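The structure under discussion appears below in the form of structure tokens.
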Amino acid sequence: MVAGKREASQEAEAQQWMETVIGQRFPPGVSYEDALRDGVLLCMLMNKLQPGLISKINTSGGDYKMMDNLNQ
């Protein structure tokens with residue numbers, strides 16, 4: 001894989017794994033990248049892997065609040 005080049009098969013495999021771990025499907029009709037952009041699904045994943053790791057997941061409040069999810 002070349003740095004910066006994304007492979008759809010790897011994204012699909014990662015998405016399927018994440019959906020299995022968190023017990024929730026990605027939003028329908030939303031690209032893999034867009035589904036992860038706000039950090040909510042990533043925070044949910046981290047809390048499944050290590051319960052209580054992320055105490056507050058921002059689900060609203062605009063881009064600034066959502067970026068806080070990624071900084072956790």
Side-chain angles (χ1 to χ4, degrees):
M1 182 166 112
V2 176
K5 184 177 179 187
R6 297 169 32 187
E7 294 190 24
S9 63
Q10 289 179 339
E11 288 180 359
E13 184 178 341
Q15 178 177 335
Q16 183 178 25
W17 176 78
M18 288 180 68
E19 289 174 340
T20 299
V21 172
I22 64 175
Q24 179 176 319
R25 300 207 29 97
F26 278 37
V30 177
S31 72
Y32 175 79
E33 179 181 355
D34 288 341
L36 299 178
R37 186 177 306 270
D38 64 10
V40 173
L41 293 172
L42 295 171
C43 288
M44 292 171 64
L45 176 65
M46 293 307 299
N47 277 340
K48 286 289 186 173
L49 297 174
Q50 186 173 341
L53 181 66
I54 299 177
S55 59
K56 181 174 189 238
I57 300 173
N58 295 303
T59 57
S60 64
D63 290 342
Y64 179 76
K65 282 288 194 183
M66 298 303 189
M67 285 300 291
D68 192 44
N69 289 335
L70 299 175
N71 292 327
Q72 296 188 60

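Because the structure is predicted, anything quoted here is derived from the model rather than measured.
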Next on the checklist: Holding to salt bridge (Lys or Arg N to Asp or Glu O under 4.0 Å), I want the full list of residues that pass it with Glu19, two or more places apart in sequence or in another chain.
Outcome noted: Arg25
If you look only at distance, which donor and acceptor atoms sit under 3.5 Å apart when one is on a side chain in residues 28-36 and the other is two or more places apart or in another chain?
| unit_1 | atom_1 | unit_2 | atom_2 | d |
| --- | --- | --- | --- | --- |
| Ser31 | OG | Asp34 | N | 3.1 |
| Ser31 | OG | Asp34 | OD2 | 3.2 |
| Glu33 | OE1 | Arg6 | NH1 | 2.6 |
| Glu33 | OE2 | Arg37 | NH2 | 3.2 |
| Asp34 | OD1 | Arg37 | NE | 3.4 |
| Asp34 | OD1 | Arg37 | NH2 | 3.0 |

Checklist entry - For Gln16, does the CD atom have more than 12 heavy-atom neighbours from other residues, nucleotides or ligands under 6.0 Å away? => result no
Donor-acceptor pairs under 3.5 Å, side chain of residues 40-50 to any protein atom, not counting sequence neighbours: which ones?
| unit_1 | atom_1 | unit_2 | atom_2 | d |
| --- | --- | --- | --- | --- |
| Asn47 | OD1 | Leu53 | N | 3.2 |
| Asn47 | OD1 | Ile54 | N | 2.8 |
| Asn47 | ND2 | Ile54 | O | 3.0 |

